[in-house]
**Q** 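This is the structure I want to talk about, given as structure tokens.
Naming: A, B, ... by sequence-line order, numbering from 1 per chain. Values below: all heavy atoms of this structure, side chains included; hydrogens, waters and symmetry mates excluded.
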Amino acid sequence: MGEEKKLTPRGEDFAAWYNEVVQRAELADYSPVRGSMVIRPWGYGIWENMQRALDSMFKETGHENAYFPLLIPMSFIEREKEHVEGFAPELAIVTQAGGKELEEPFAIRPTSETIIYAMYAKWVQSYRDLPILMNQWANVVRWEMRTRLFLRTAEFLWQEGHTAHATAEEAEEETLLILGIYRRFMDEWIAMPPITGLKTDSEKFAGAVRSYACEALMQDNRALQAGTSHFLGQNFARQFDLKFQSVEGREEYAWNTSWGVSTRLVGGMVMTHGDDAGVVVPPRLAPVQVVVVPILRGDDTQSRVLAKAHEVCARLKELGVRAKVDAREHLSPGNKFYEWERKGVPFRVEIGPKDLEKGQLAIARRVVPEGAKRKEFVAEAEAIASFSARLEDLQSELREAAAARREANTLRGVGSLGELQEALDSGAGFVLTGWSGDPAVEERVKELTRATARVVPGPEFRSETPPQRCVSGDGPSKMEVAWARAY
RNA sequence: CGGGGCGUGGCUCAGUCCGGUAGAGCGCUGCGUUCGGGUCGCAGAGGUCCCCGGUUCGAAUCCGGGCGCCCCGACCA
């Protein structure tokens, strides 16, 4: 057993740990193109489970999926001023095709607002055609200078929802509905409870009137923007002539929203739950929830042990548990244990000749609570029946632990730039202060601390006693802000 | 775009200072032995030493140029 089999501990170098764990757990690997990555089956399986859950939440709230093309006329991107400025530095542009120079270059979509609202304009005439509630699952390309697996890559997978409404109120309501869905999804599926709220003007989406975001706190106490929901007002409708005739017969511009989450969530999951042994995948997202490892000896017990392993696996599947037998003969059981732990499978069942005799199974858990043992031996029938509860329990334990960690690392009532700096330097996560709303204060904080305004927290995340003064010491506080160093 | 590091079997790297037959560990293949927390043994396969040029009898090593990747800071889901 060489040293290289061990991962760098989180406490030693969190970034190194993250890189190793993502690759060694076979979530993803680097592709030959700088800044882009291959999502491997284990990572993609987790993403598929995220997709399934989100997709049904979108459908339950009346959204439909569609697909818009990858290539967007350059002139479309250029139409909304702030939008172009926001995305210009990271655009990949196709200038040649079919062996010759194109008359008009195409942008590879960094996001699809422009093409989508141009199409909506064709489809909408009357208020009766509204609302349009569409989502697409797609890849997008943003040429980033510095990349990290899942967290920031040149190409990534996401969903982008785009809606059009007859009134501002309805669009705003949609924006918040989605924010709530994101929050619930992160809470209940990733067990990664974010704080939610409004982005400051300097942090909002290029082209939006208002942006809302979910911000999660990673184990290194840096914040991760995990999902955004934008109220676009009529900015795009005006540029793409997305008009409708109202009940009163007036011609009006539609009101739009857009919202998205990406494969970045996989990175968030890793940095929320992972430990020094590897990734920990919350049960609801785990492609394999229970791995069954037969203890194979090269003797006459072998075939009976293997048969039992398959039988147990089949019975777990009948109960709706995603189970898998690892019957590989060339690896010792210990090897398999380490491998599945690194990948974060929630539970392992071991079946050996002794268990066969005693009619029991060995159950090992990926996450061992304080004072508990990793392995226990349980009578077979009872063991099998116990898994749906075990999985649900683990799911909520992970959620609780993450919520407790977030709260423990959130500092409220900080009243001055000096205190803010001190808090962040000594490793605080979210630090909440008052703010006058002056962008110059954001600049100052950034220079001083490298932290940014992550979010103006929604009501449920605000401090009980609202801050009175701006953190700059200059004037009264108009709103509370959660600051953090961010990914 | 600044700073740092690195390009040598699949992976991690030694060898480079001081030029002389290309190495180790892990992984891989075969056989045997093991198998309840990274078994052990034997035999094997596998290399344009990032690329181009130069110096030299001889270059992974020296010189010139180029390319690529990773990490840390300014911009970003």
**Q** What interatomic distance, in whole Å, is found between C1' of C11(B) and the corresponding atom of C67(B)?
**A**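 Approximately 23 Å lies between the C1' atom of C67(B) and that of C11(B).
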
**Q** Considering only the P atoms, how many Å lie between C6(B) and C42(B), rounded to the nearest integer?
**A** 36 Å

**Q** Within 45 degrees of the axis of the six-membered ring of Phe156(A) and under 6.0 Å from its centre: does Arg264(A) put its NZ or CZ there?
**A** no

**Q** For atom C1', what is the distance between G38(B) and C18(B), given to the nearest Å?
**A**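 Going atom to atom, C1' in each nucleotide, I get 41 Å.
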
**Q** For U56(B) and G19(B), measure between their C1' atoms and round to the nearest Å.
**A** 9 Å

**Q** For Gln225(A), what residues pass the side-chain hydrogen bond (donor to acceptor under 3.5 Å, both in side chains) criterion, not counting sequence neighbours?
**A**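 Expected list: Lys199(A).
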
**Q** Taking atom types as they are modelled, would you say the side chain of Asn335(A) forms a donor-acceptor pair with the base of G37(B) within the 3.5 Å cutoff?
**A** no

**Q** So Ala362(A), base contact, sugar-phosphate only, or nothing? Heavy-atom distance under 4.0 Å.
**A** base

**Q** Apply salt bridge (Lys or Arg N to Asp or Glu O under 4.0 Å) to Arg10(A) and list each qualifying residue two or more places apart in sequence or on a separate chain.
**A** Asp276(A)

**Q** At under 4.0 Å, does any side-chain N or O of Tyr30(A) touch on OP1 or OP2 of C71(B)?
**A** yes

**Q** Sequence neighbours left out, what passes salt bridge (Lys or Arg N to Asp or Glu O under 4.0 Å) with Arg342(A)? Give chain and number order.
**A**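 Residues passing salt bridge (Lys or Arg N to Asp or Glu O under 4.0 Å) with Arg342(A): none at all.
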
**Q** What is the base-pairing partner of G19(B), counting Watson-Crick and G-U wobble geometry with both distances under 3.5 Å?
**A**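 Here G19(B) is not engaged in any pair, so there is no nucleotide opposite it.
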
**Q** Counting only side-chain nitrogens and oxygens, does Asn19(A) get under 4.0 Å of the OP1 or OP2 atom of C71(B)?
**A**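 True: Asn19(A) side-chain N/O within range (under 4.0 Å) of C71(B) OP1/OP2.
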
**Q** For Arg348(A) and Asp326(A), what are the C-alpha separation, side-chain angles and deciding distance, and is it a salt bridge (charged side-chain N to carboxylate O under 4.0 Å, His left out)?
**A** CA-CA 10 Å; Arg348(A) 175 178 76 237; Asp326(A) 184 353; over 6 Å; no

**Q** Check for me: is Phe156(A) stacked on A77(B) by the 5.5 Å centroid and 30° plane-angle rule?
**A** yes

**Q** Hey, is the side chain of Glu341(A) pairing donor to acceptor with the base of G37(B) inside 3.5 Å?
**A** yes

**Q** Around atom CD of Gln96(A), are there more than 12 heavy atoms from other residues, nucleotides or ligands closer than 6.0 Å?
**A** yes

**Q** When we call it a touch if two heavy atoms are under 4.0 Å apart, what does Gly352(A) touch: a base, just sugar-phosphate, or nothing?
**A** base

**Q** Taking the P atom of each, how far is C63(B) from G20(B), in whole Å?
**A**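 That atom pair is separated by 15 Å.
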
**Q** Using purine N1 to pyrimidine N3 plus N6-O4 or O6-N4 for Watson-Crick, or N1-O2 and O6-N3 for G-U wobble, each under 3.5 Å, what pairs with G10(B)?
**A**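 Base-paired to C26(B).
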
**Q** Partner of C1(B) by Watson-Crick or G-U wobble geometry, both contacts under 3.5 Å, or none?
**A**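 The base-pairing partner of C1(B), which may sit in any strand shown, is G73(B).
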
**Q** Check this for me, if you would: do Arg109(A) and Glu160(A) make a salt bridge, where the nitrogen-to-carboxylate-oxygen distance has to be below 4.0 angstrom?
**A** no

**Q** By the 4.0 Å heavy-atom rule, please label Phe205(A) as base, sugar-phosphate, or nothing.
**A**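 Nothing, no heavy atom under 4.0 Å.
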
**Q** Between the protein and nucleotides 27-30 of chain B, list the N/O to N/O atom pairs that are separated by less than 3.5 angstrom.
**A**
none

**Q** Please indicate whether Glu422(A) has more than 12 foreign heavy atoms, meaning atoms of other residues, nucleotides or ligands, lying under 6.0 Å from its CD.
**A** no

**Q** According to a strict under-4.0 Å criterion, is Thr228(A) in side-chain N/O contact with OP1 or OP2 of A77(B)?
**A** no

**Q** According to the Watson-Crick and G-U wobble definitions, with both distances under 3.5 Å, which nucleotide is paired to C62(B)?
**A** G54(B)

**Q** Regarding Lys336(A), tell me which of base, sugar-phosphate or nothing describes its non-hydrogen contacts under 4.0 Å with the strands shown.
**A**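 Result for Lys336(A) = nothing.
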
**Q** Going by the salt bridge (Lys or Arg N to Asp or Glu O under 4.0 Å) test, which pairs reach into residues 285-302 of chain A, not counting sequence neighbours?
**A**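 As it turns out, there is no salt bridge (Lys or Arg N to Asp or Glu O under 4.0 Å) pair with a partner in residues 285-302 of chain A once direct neighbours are skipped.
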
**Q** Output a table of nitrogen or oxygen pairs between the protein and nucleotides 73-76 of chain B separated by less than 3.5 Å.
**A**
{"from": "G73(B)", "atom 1": "OP2", "to": "Arg146(A)", "atom 2": "NH1", "distance (Å)": "3.3"}
{"from": "C75(B)", "atom 1": "OP1", "to": "Lys446(A)", "atom 2": "NZ", "distance (Å)": "3.2"}
{"from": "C75(B)", "atom 1": "OP2", "to": "Lys446(A)", "atom 2": "NZ", "distance (Å)": "3.3"}
{"from": "C76(B)", "atom 1": "O2'", "to": "Glu144(A)", "atom 2": "OE2", "distance (Å)": "3.4"}
{"from": "C76(B)", "atom 1": "O2", "to": "Arg152(A)", "atom 2": "NE", "distance (Å)": "2.1"}
{"from": "C76(B)", "atom 1": "O2", "to": "Arg152(A)", "atom 2": "NH2", "distance (Å)": "2.3"}
{"from": "C76(B)", "atom 1": "N3", "to": "Arg152(A)", "atom 2": "NH2", "distance (Å)": "2.6"}

**Q** Could you work out which one of G37(B), G36(B), C71(B) sits closest to the side chain of Tyr338(A)?
**A**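 Nearest to the side chain of Tyr338(A) among the choices is G37(B).
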
**Q** Considering every strand and a 4.0 Å limit on heavy-atom distances, what is the contact class for Thr153(A): base, sugar-phosphate, or nothing?
**A**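 Since a base atom lies under 4.0 Å of Thr153(A), the category is base.
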
**Q** Over all strands shown, is Arg148(A) touching base, sugar-phosphate only, or nothing at heavy-atom distances under 4.0 angstrom?
**A** nothing

**Q** Between Glu203(A) and Arg454(A), does any side-chain N to carboxylate O distance fall below 4.0 Å?
**A** yes

**Q** By the 4.0 Å heavy-atom rule, please label Glu350(A) as base, sugar-phosphate, or nothing.
**A** base

**Q** Using atom C1' in both nucleotides, what's the gap between G65(B) and G3(B) to the nearest angstrom?
**A** 23 Å

**Q** Would you please test His162(A) and Phe68(A) for ring-ring contact (aromatic ring centres under 6.0 Å, His included) and show each step?
**A** CA-CA 11 Å; His162(A) 295 274; Phe68(A) 293 81; 7.6 Å; no

**Q** Does the structure show a Watson-Crick or G-U wobble partner for G32(B), both distances under 3.5 Å? Name it, or say none.
**A**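 Looking at the geometry, G32(B) pairs with C40(B).
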
**Q** Report which part of the nucleic acid Arg328(A) touches: base, sugar-phosphate, or nothing (heavy-atom distance under 4.0 Å, all strands).
**A** nothing

